[in-house]
Amino acid sequence: IFFSSPPFHLFFLIFYFLFLVLNCIRLLTRLLPYLFEDPEWRGFFWSTLPGQQGDPDKSGRSSPDSPPPLAQSLLNAVLDLLFCPDFTVVVRKSGPDNPDDLCNVDSCEYIWEAGVGFAESQGTTGALDSHRTELLRLLLTCFSEVMYLPPVAEGGSV
C-alpha cells in the first residue's frame with residue numbers, strides 16, 4: 001500500500017530523473033573527447049539535427065529562426081543545471097509559482113558561495129558538490145575541443 005501512494009511515485013520519478021541526468025552528464029564527459037578526435041565526427045558537435053536544419057540565406061549563414069547547434073543547446077542545458085535548485089544550489093525558500101514572476105526572483109538565492117555582492121554562504125552538501133563537479137567536468141570537456149584537434153603546421157613545416 002505504501003508503494004502505490006502518489007508521493008512515492010513522485011519521489012521515484014524525481015530520483016529516476018536525477019539518476020538519468022547524472023548518467024547522461026557522465027556519458028557525455030567521456031564520449032565527447034572521442035567525437036572531438038575523430039575527423040568524421042568533429043563537426044557533429046556544432047551541427048544541428050538533420051531534420052531541423054534551417055535554410056541558409058544568400059550569404060550562406062543560417063537564418064535567425066534556424067535551430068541552434070547541438071553544442072549551444074548542450075551548453076545552455078549545462079548552465080541551467082549549474083544553478084538548478086536542489087540539484088546544485090541549496091534553496092531556502094520556494095521560487096515563484098507563476099513563470100511570469102521570474103523577474104522577481106532574488107538571484108542571490110541561487111549562488112554557490114559567498115562573494116562579491118552577497119556575504120552569506122548558502123551552505124552545501126556532499127551531493128550538491130558532487131553534482132557541481134560532474135557539471136564542471138562536462139563544461140571543461142566541452143571547452144577543451146582544441147586539445148583534440150591535430151596540430152597545425154606553422155609556415156608550412158610539420
Side-chain angles (χ1 to χ4, degrees), residues 9-92 95 99 102 105-118 120-158:
H9 291 292
L10 180 63
F11 173 75
F12 178 75
L13 287 174
I14 292 171
F15 179 77
Y16 180 72
F17 174 73
L18 177 67
F19 178 75
L20 186 67
V21 167
L22 286 173
N23 280 338
C24 288
I25 291 168
R26 292 175 185 137
L27 180 71
L28 284 170
T29 302
R30 284 154 184 81
L31 184 67
L32 284 176
Y34 293 105
L35 293 178
F36 293 154
E37 284 180 349
D38 190 357
E40 293 179 20
W41 284 93
R42 195 171 295 135
F44 179 75
F45 192 60
W46 293 103
S47 66
T48 58
L49 291 176
Q52 296 182 348
Q53 292 183 349
D55 296 327
D57 59 8
K58 294 176 184 173
S59 64
R61 289 179 277 159
S62 297
S63 62
D65 59 340
S66 65
L70 295 173
Q72 182 181 348
S73 300
L74 176 64
L75 292 176
N76 286 339
V78 169
L79 291 176
D80 287 343
L81 285 172
L82 282 172
F83 301 99
C84 183
D86 291 332
F87 187 69
T88 52
V89 292
V90 177
V91 178
R92 292 189 180 171
L102 286 176
V105 172
D106 182 13
S107 63
C108 293
E109 295 289 326
Y110 300 104
I111 62 171
W112 291 1
E113 294 292 330
V116 176
F118 195 70
E120 292 181 34
S121 179
Q122 295 291 335
T124 187
T125 64
L128 295 178
D129 284 340
S130 175
H131 299 164
R132 292 172 186 170
T133 304
E134 295 286 345
L135 285 165
L136 289 174
R137 281 185 189 144
L138 177 58
L139 202 58
L140 183 63
T141 302
C142 290
F143 289 132
S144 63
E145 180 179 5
V146 174
M147 289 178 27
Y148 302 103
L149 296 175
V152 177
E154 289 186 31
S157 63
V158 176

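Although no hydrogens or angles enter the test, the distance criterion places a donor-acceptor pair under 3.5 Å between the side chain of T88 and the main chain of L81. The backbone N or O of L35 sits nowhere less than 3.5 Å from a side-chain atom of R42 that would complete a donor-acceptor pair.
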Discussion item. As a quick check of understanding, evaluate side chain to side chain contact (heavy atoms under 4.5 Å, CB included) for H131 and L18, giving each step before the final call.
Written reply: CA-CA 10 Å; H131 299 164; L18 177 67; 3.8 Å; yes
Practice prompt. Before giving the answer on side chain to side chain contact (heavy atoms under 4.5 Å, CB included), spell out for Y148 and L32 the whole-Å C-alpha distance, their side-chain angles and the decisive distance to 0.1 Å.
Written response: CA-CA 10 Å; Y148 302 103; L32 284 176; over 6 Å; no
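Taking both residues in full, the closest heavy atoms of L128 and F87 are given as CD2-O, 3.2 Å, listed atom of the first, atom of the second, then distance. In terms of heavy-atom proximity, E134 sits nearest to T29 at O-OG1, 4.4 Å.
A distance of 4.5 Å separates CG in L74 from SG in C142, rounded to the nearest 0.5 Å. Taking OH of Y34 as the start and CZ of R30 as the end, the distance is 10.0 Å to the nearest 0.5 Å. Atoms CG and OG, on L139 and S144 in that order, are 10.0 Å from each other to the nearest 0.5 Å. Interatomic distance, OG1 of T141 versus CE of M147, reported as 8.5 Å (0.5 Å rounding).
The side chain to side chain contact (heavy atoms under 4.5 Å, CB included) test with V78 is passed by exactly one of L135, I25, L136: L135.
A tilted orientation is assigned to the rings of Y16 and F19, their planes being inclined by 30° to 60°. Ring planes of F45 and F36: perpendicular class, angle over 60° (limits at 30 and 60°).
In this structure, R26 and N23 have side chains that are in contact, with non-hydrogen atoms separated by less than 4.5 Å.
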